[in-house]
Asker: 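Please find one structure pasted underneath; my questions will follow.
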Amino acid sequence: MEEERNMPKRPWDTCQEVPVIEDEQTPWKMIRLLRFISLCIVAVIVFGLALCSKTSFLLLITLASEGTKTLPDGQKPVALLCISCSLIASSMLLLLKSIWKACYKTSKLPRKTTFALVLFFEFIVSLGAAILTIVAMPHLDIVTNMTILNGVVVLSALLQVVTQCTAKERNRFLAPSITAFILIMLGYVLFLTLYIMKDPTGIKRGIWVGLAVGGAFLVSFNWWENYLRLISENSSSVFLKELCKDVRRSQNMLHILSSLLRIVVTACVLGAYVPLAKMDWDIVTSIPRRETRIIAIIIGVQLVSSALCHWFAVAACKMHALRRCFILPLYLASLAVMALLIIPVIVYYQDYRISLNGTESINFTGYCNVVVDGRNQSLNGSVFPHLVLDVTHTLCFLDMSKITDIGMLTGSAVSWWLGLVLATVHLWNLSLYRIQRTQDLFIRRLYEGGFMEQSLLLNARFDIQTNEKQKKFRPLDPVKVFLCATMWHETYDEMMKIIISIFRLDKYRPKKEGETSDVTFEGHIYFDDAFSDVPGSRGRHVNEYAEMLVEIIREVYR
């Protein structure tokens, strides 16, 4: 008894701990170390893949910009085609997965109202994504392109406010949602003010800016299901309740139709924009081998890293490492992309100023003229310097030597990023079951290739968070488990293992005073050849194996 009293107590975890009789043999420190290493590896992988996905996507947009020299002007349709592939890659995967599920599982057709409403939202989302990335972003600077993608959270922040206001409880994250919406709108105001001040009479520039804002707003409709579910629960509207029920019931068919619609809309926007921008598809067939290799590497990295990032992000959530391996790496990925693309520009600018040996002072505008002249050289040697100069060229429209331009550009970027953080701050308190189903973790099945971090963060399930500190899980239906084992001449150790397991299940099963456990069980042991005939005695007697089982039960129970 004294030894039992001095034994250290560990929290019970049915997925990790082994029988008490073997605790002394378990290398607890090694298990904790391996768990820590595995979590670190997953976090680094999610961060690295998100970084590769966003960087490669922004490089494709830079290659599609006017005046960049890594890809000549006549070959810009190739970059636009690669951007389109990034947008529809997830739709292609979802289409194949939904067709497979529709063939081998039950799939029901949606009602006409559900069909029309879902396809309407999918149409405006795909239209907004295509306009934003294919039409507008190639005409903006690299900093705006990096941060305006965070602006797609605008409608999600607004719907969070509406959802929490309709709930009849005190909400913990109502203030962050309101602040997120204000910051996102402030980012748009600073962005519009900056570009209008730089070119008040530029009609084309105003069109690109307006299309960028409109496209980002349309993309923000992508996650409407996440909030409609809660609004319908807190509302008395029968239409909303039936709509959510029908969407869940006919998911496979809706995903097939919505995926096809997204592919068609993206292809139509690309096909219409290329001739309107006075580009020619015929030149695409004569791309030099070097440029072809550059484009192939960038689009390959983008597609592969996006798919793997989604897979590892889902794995991180199922590992119960939502904060360390999912939220934090995705937050930091946006900042890391900024550093990865802007620091080389600053380094090249400072190196050029130092190369003048102090004989001449040059501002950023003068450096832009040097960049234009330097980019007229042929594409030889390393591709990295040419990509850095192309990224610098996108900033030449703005005067980086003026505090006003730098302040507005930085202000819009910070506002959009903080808006994304505040709009997803509820994820830090999201209650998850261990190894939870993917469809219970995320509202949509797959990701958005052009909005990797934003799609993963906003796609996570949104729940009303109250001021109560305790986590409230959804009650489960009681389950009864029957444990059946057959014994025939088992050894002492084998019987001991089975009995220990049964007793431990009874000892550590959830028990609450006055409540019935959600899991109950019954144990049954069937003996094959449990009796023997003893000469000179009446009837049959249990054999040595049955007596051994009784002795083991007595020993384990004691």
Asker: Please verify the inter-ring angle class for F442 with H310; under 30° counts as parallel, over 60° as perpendicular, anything in between as tilted.
Answerer: tilted
Asker: Any side-chain heavy-atom pair from T62 and L341 closer than 4.5 angstrom?
Answerer: no
Asker: Mind checking the CZ-CD spacing from F47 to E453? Nearest 0.5 Å is all I need.
Answerer: 10.0 Å
Asker: Strictly distance-based, threshold 3.5 Å: is any side-chain N or O of T266 a donor or acceptor partner for the main-chain N or O of I263?
Answerer: no
Asker: Could you grab the distance from atom CG of L155 to atom OG of S220, nearest 0.5 Å is fine?
Answerer: 4.5 Å
Asker: Is there a side chain to side chain contact (heavy atoms under 4.5 Å, CB included) between W311 and L49? Walk through the geometry before answering.
Answerer: CA-CA 10 Å; W311 191 89; L49 291 174; over 6 Å; no
Asker: Of the non-hydrogen atoms in L228 and C244, which two are nearest, and what is the gap between them?
Answerer: O-SG, 3.8 Å
Asker: A side-chain contact here means heavy atoms from C-beta on lying under 4.5 Å apart; do I142 and L58 qualify?
Answerer: yes
Asker: Would a line drawn from the ring center of F217 to the ring center of F221 be shorter than 6.0 Å?
Answerer: yes
Asker: Compare all side-chain heavy atoms of F451 with those of T133 and state whether any distance is below 4.5 angstrom.
Answerer: yes
Asker: Donor-acceptor pair, distance only, cut-off 3.5 Å: does the side chain of T410 make one with the backbone of G407?
Answerer: no
Asker: Determine, stepwise, if the pair Q160 / S156 fulfils side chain to side chain donor-acceptor pair (under 3.5 Å).
Answerer: CA-CA 6 Å; Q160 286 179 17; S156 294; 5.8 Å; no
Asker: Quick check against the 3.5 Å criterion: does S305 have a side-chain atom that pairs as donor or acceptor with the backbone of Q302?
Answerer: yes
Asker: Do I41 and I37 make a side-chain contact, defined as non-hydrogen atoms from C-beta onward lying under 4.5 Å apart?
Answerer: yes
Asker: Would the distance check show the side chain of Y188 and the main-chain N or O of G151 forming a donor-acceptor pair, the cut-off being under 3.5 Å?
Answerer: yes
Asker: Could you walk me through whether W416 and I148 satisfy the side chain to side chain contact (heavy atoms under 4.5 Å, CB included) test, starting with their C-alpha distance in whole Å, then the side-chain angles of each, then the deciding distance to 0.1 Å, before giving a yes or no?
Answerer: CA-CA 7 Å; W416 280 327; I148 197 174; 4.0 Å; yes
Asker: Any side-chain heavy atom of M137 within less than 4.5 Å of one from L149?
Answerer: yes
Asker: Write down the atom of A423, the atom of A180, and the distance for their closest heavy-atom approach.
Answerer: N-CB, 3.7 Å
Asker: Between H320 and R324, which heavy-atom pair has the shortest distance, and what is it?
Answerer: O-NH2, 4.2 Å
Asker: Let me confirm one number: the CD-NZ distance from Q454 to K54, rounded to the nearest 0.5 Å.
Answerer: 4.0 Å
Asker: Rounded to the nearest 0.5 Å, what separation is found between the OG1 atom of T114 and the CZ atom of R249?
Answerer: 8.0 Å
Asker: Is it true that, when you exclude K245 itself, more than 12 heavy atoms of the residues, nucleotides or ligands shown sit nearer than 6.0 Å to its NZ?
Answerer: no
Asker: So, taking the atom named CZ in F181 and the one named CG in L422, what distance separates them when rounded to the nearest 0.5 Å?
Answerer: 14.0 Å
Asker: Report the C-alpha distance between T394 and V143 in whole Å, list the side-chain angles of each, state the deciding distance to 0.1 Å, and finish with yes or no for side chain to side chain contact (heavy atoms under 4.5 Å, CB included).
Answerer: CA-CA 9 Å; T394 63; V143 176; over 6 Å; no
Asker: What's the shortest heavy-atom distance between I134 and L80, and which atoms?
Answerer: O-CD2, 3.6 Å
Asker: For the atom pair CD1 (I256) and CG (L261), what is the distance rounded to the nearest 0.5 Å?
Answerer: 14.0 Å
Asker: Aromatic rings W428 and Y331: how do their planes relate, parallel, tilted or perpendicular, breaks at 30° and 60°?
Answerer: tilted
Asker: Which heavy atom of I502 sits nearest a heavy atom of F521, and at what distance?
Answerer: O-CZ, 3.8 Å
Asker: Has F123 got more than 12 heavy atoms of other residues, nucleotides or ligands less than 6.0 Å from its CZ?
Answerer: no
Asker: Could you walk me through whether F326 and L457 pass side chain to side chain contact (heavy atoms under 4.5 Å, CB included), step by step?
Answerer: CA-CA 8 Å; F326 180 77; L457 290 170; 4.1 Å; yes
Asker: What is the minimum heavy-atom distance between P138 and A64, and which atoms define it?
Answerer: CB-O, 3.8 Å
Asker: Is N226 reaching over with its side chain to a backbone N or O of I443, donor-acceptor style, under 3.5 angstrom?
Answerer: no
Asker: Could you tell me whether the side chain of E122 reaches within less than 4.5 Å of the side chain of L254, counting heavy atoms only?
Answerer: no
Asker: Is any side-chain heavy atom of I295 closer than 4.5 Å to a side-chain heavy atom of C82?
Answerer: yes
Asker: Checking the side chain of N150 only, and the main-chain atoms of L420 only, is there a donor and an acceptor separated by less than 3.5 Å?
Answerer: no
Asker: Side chains of L194 and L190, heavy atoms from C-beta outward: is any pair under 4.5 Å?
Answerer: no
